[in-house]
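Following: one structure in structure tokens, then a few remarks.
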Amino acid sequence: MNNGQHFQTTSLSYRLKAAERELEAFRSGEAYVKLRSEYESVIRSQNIAIKKLQKERDSFSFSRKEITRQWMDVLEDVQKEHEKEVKRLKKTITELLDMIVSLKNRNAELDSKRKKALEDYYETAVKLEDAQGVILKLTAQVNHNYENSSMPSSKCIGRKKITNNREKTGKKPGGQKGHPHHPRKPMVPDKIVEIKTEEKLKDSSRYVPTGNVIVRQTVGIAIVPVVTEYHALEFYDKKKGRNVHSAFPAGVTDDVNYDESIKAVLFLLNSRCNVSLEKTAQFVCDVTDGALSPSVGMISGLCREFSLRSGKEQDSLFKELLDAPVMHVDGTAARVNGDNHSVVVCSNGAATMYFARESKGHAGIKETPVETFGGILIHDHEACFYSYGSDHQECMVHIERYLKDSIENEKNLSWNKQMLELVQEMIHENNMSPEGVADEKTAAFEARHDAIVQTAAKEYEDEPPSDYYRDGYNLYLRMVKYKHNHLLFLSNPLVEPDNNLCERKARVLKGKINQAISLRSFEHLSYFCECLSVLDHFAADNEGNLYKSVQEVFRREKPVKINVEISGTDTVLDTQAAE
């Protein structure tokens, strides 16, 4: 047995003995007596405590009643004050309810007025926006001139003076010292006048003859008719019963005929020098001292006669235009007897032709070099021209004008200014590079073009164009769609960046129509255009003389018109000059 078991056994032994003693006490009754004594002692102390608490309770009950009475008095006073406050609040609520009803009515009235004012505002805002759009449109129309639109300078009222950018030297106009002298060419004299020697020069003591003769000429001009008269014996034909004579030379058909010299003068004065029919007739009458007085009808008919006689030159010009790799083409309006017609101008620099047409579009292109042309066309964005030729270059001068118009009317945008600067730079680079713009520069220009177009797209997305002015936006769309036709001149040195050649040629026609010609038939317009084509060809020929060239044309025989008559088995050919 170890120590733990011994300790446990000892503890249990003691506890057993204590339980036995306690059991013995209960059996003998001593424990009960002791418990009862303790119980009674506790009961007494509890009774004392209960009495003490009852006494405290009675005392507290009296105080509670007094407090309750006081509280009831306070509550009664509070109730009275509450009822009084409730009455006041009810009165206030009633007043507020009346005020709310009044305010609701007032609010409804104000809301109605607000809606009406809002409707008026929106209506006024729409009218204001429309008015601003109309103002913008009218302003753009008023500001249109030859610098920012296709309007010719002659139609611009009060146009500014074209500035002279040459540096002023302060020298007087005319020949300058040190420059070679260009004297007038002396001519073979028709008359020699000997100047009488002055008396003072006969003094031999002072003046000695040098043997030289000082010669000076005065050159004048005299226009006198040179008349050639033809005589032919007349005979009577007994077989046919009529008078006959030998044939006169070609062109001698009337009693009095004008030869090619006077026809050339009259024709050039009217068709080349911008002189009206009446003034042309009067001028020739005056300078010949009344010896010649051509009629207005005869002068007007010279245009048709020259056109019929110059068919060879017209065919040659037509072929030359077709053979060119690049051709300029443009259209302009011409009024005939109050009706609008069209004239198509074709030119390659060396050859120019004018074609009168009754209408524009594809109908006006028929029977012109444009219809069968296989090269590159340079034009002003005429839509129908894109159906002809192998490629196209648009006039960049027109693009510059439209960009300037956009800058004036869309001041809040930046793309138009950037594009104008780029176009001017590209044209300058092309002018400075006759052999063609380098590939790397062309690529750089194209990249800048694309970047500016993207800028335009973003700006128009942020600020959409007005319905009253969409020219700038339409130009942006056009530059996106026709990029190749705007930049073709950079990659092809044969292509010019503008259509100024046709513009200048068309200006000749417009000037003559506006100043000296009154067209009464479309046929007259056709003859006049054919005459202009040949005159332009003669004027461009530096080696030729315009007057002599025109004279040579009038010297030709008129085209022959052949009439065929069939009678039985015989065929009769009747040839006569076309009138």
Side-chain angles (χ1 to χ4, degrees), residues 162-230 249 251 256-276 279-294 299 302 306 313 350 504 508 511 516 534-556:
I162 299 177
T163 58
N164 188 346
N165 295 324
R166 291 181 297 178
E167 183 179 353
K168 294 183 179 180
T169 61
K171 298 178 181 179
K172 294 181 179 180
Q176 303 296 324
K177 291 182 179 180
H179 289 194
H181 178 53
H182 301 282
R184 298 185 180 99
K185 183 190 299 184
M187 305 180 68
V188 177
D190 298 311
K191 178 182 177 182
I192 297 176
V193 177
E194 297 289 346
I195 303 297
K196 185 179 179 180
T197 303
E198 297 180 5
E199 289 295 330
K200 66 176 183 178
L201 298 179
K202 295 180 180 179
D203 185 1
S204 59
S205 62
R206 178 175 177 181
Y207 300 101
V208 179
T210 62
N212 296 328
V213 178
I214 306 301
V215 178
R216 293 179 180 175
Q217 294 182 343
T218 59
V219 180
I221 185 173
I223 300 179
V224 294
V226 178
V227 181
T228 302
E229 189 171 80
Y230 298 91
V256 178
N257 303 273
Y258 291 133
D259 72 354
E260 63 275 2
S261 62
I262 185 62
K263 287 181 179 180
V265 170
L266 295 172
F267 174 71
L268 288 174
L269 282 174
N270 177 242
S271 299
R272 178 71 179 178
C273 301
N274 251 14
V275 182
S276 66
K279 289 183 178 179
T280 299
Q282 186 63 44
F283 174 75
V284 173
C285 182
D286 291 342
V287 297
T288 59
D289 198 17
L292 295 177
S293 57
I299 300 173
L302 292 176
F306 183 85
E313 285 80 8
R504 292 192 296 270
V508 175
V534 179
L535 286 176
D536 183 87
H537 168 64
F538 287 159
D541 186 4
N542 297 326
E543 297 180 359
N545 182 292
L546 181 59
Y547 171 72
K548 290 184 178 180
S549 299
V550 173
Q551 208 175 3
E552 190 275 331
V553 172
F554 279 114
R555 192 178 293 118
R556 300 173 188 170

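In this text, all values refer to a predicted model and were calculated from it rather than measured experimentally. Residue indices begin at 1 and follow the sequence shown.
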Starting from the C-alpha separation in whole Å, work towards a yes-or-no answer on side chain to side chain contact (heavy atoms under 4.5 Å, CB included) for V227 and V256.
CA-CA 10 Å; V227 181; V256 178; over 6 Å; no
Would you say R272 and V550 make side-chain contact, with heavy atoms under 4.5 Å?
no
When rounded to the nearest 0.5 Å, the distance separating CG of D286 from NZ of K279 is 12.5 Å
Quick check: are there more than 12 heavy atoms from other residues, nucleotides or ligands sitting under 6.0 Å from CZ of F283?
no
Looking at every non-hydrogen atom in both residues, tell me the closest pair between P249 and Y230 and how far apart they are.
CG-CE2, 3.6 Å
Could you name each residue pair satisfying salt bridge (charged side-chain N to carboxylate O under 4.0 Å, His left out) that touches residues 195-216, not counting sequence neighbours?
E199-K202
Could you grab the distance from atom CG of L268 to atom CG of N274, nearest 0.5 Å is fine?
12.5 Å
Determine whether L292 and I262 make a side-chain contact, defined as any pair of heavy atoms from C-beta on separated by less than 4.5 Å.
yes
Could you state the interatomic distance from CG (D536) to CD (E313), rounded to the nearest 0.5 Å?
13.0 Å
Side chains of F306 and K263 in contact at under 4.5 Å (non-hydrogen atoms):
no
Dump the intermediate steps for side chain to side chain contact (heavy atoms under 4.5 Å, CB included) on N270 and L302, then the final yes or no.
CA-CA 10 Å; N270 177 242; L302 292 176; over 6 Å; no
Write down the atom of P294, the atom of A281, and the distance for their closest heavy-atom approach.
O-CB, 3.4 Å
Those residues at least two apart in sequence (or on a different chain) that pass side-chain contact (heavy atoms from CB on, under 4.5 Å) with K177 are none
Nearest-0.5 Å distance that lies between atom CZ in F267 and atom CD1 in I299
12.5 Å
The reported gap from CZ in F554 to CG in L266 (rounded to nearest 0.5 angstrom) is 8.5 Å
Does atom CG of D289 have more than 12 heavy-atom neighbours, drawn from other residues, nucleotides or ligands, at distances under 6.0 Å?
no
Which heavy atom of A539 sits nearest to which heavy atom of L546, and what is that distance?
N-CD1, 4.1 Å
side-chain contact (heavy atoms from CB on, under 4.5 Å) partners of S261, counting only residues at least two apart:
D259, Y547, Q551
Would the number of heavy atoms belonging to other residues, nucleotides or ligands and lying under 6.0 Å from CG of L201 be above 12?
yes
Between Q217 and M187, is there a donor-acceptor pair closer than 3.5 Å when you use the side chain of the first and the backbone of the second?
yes
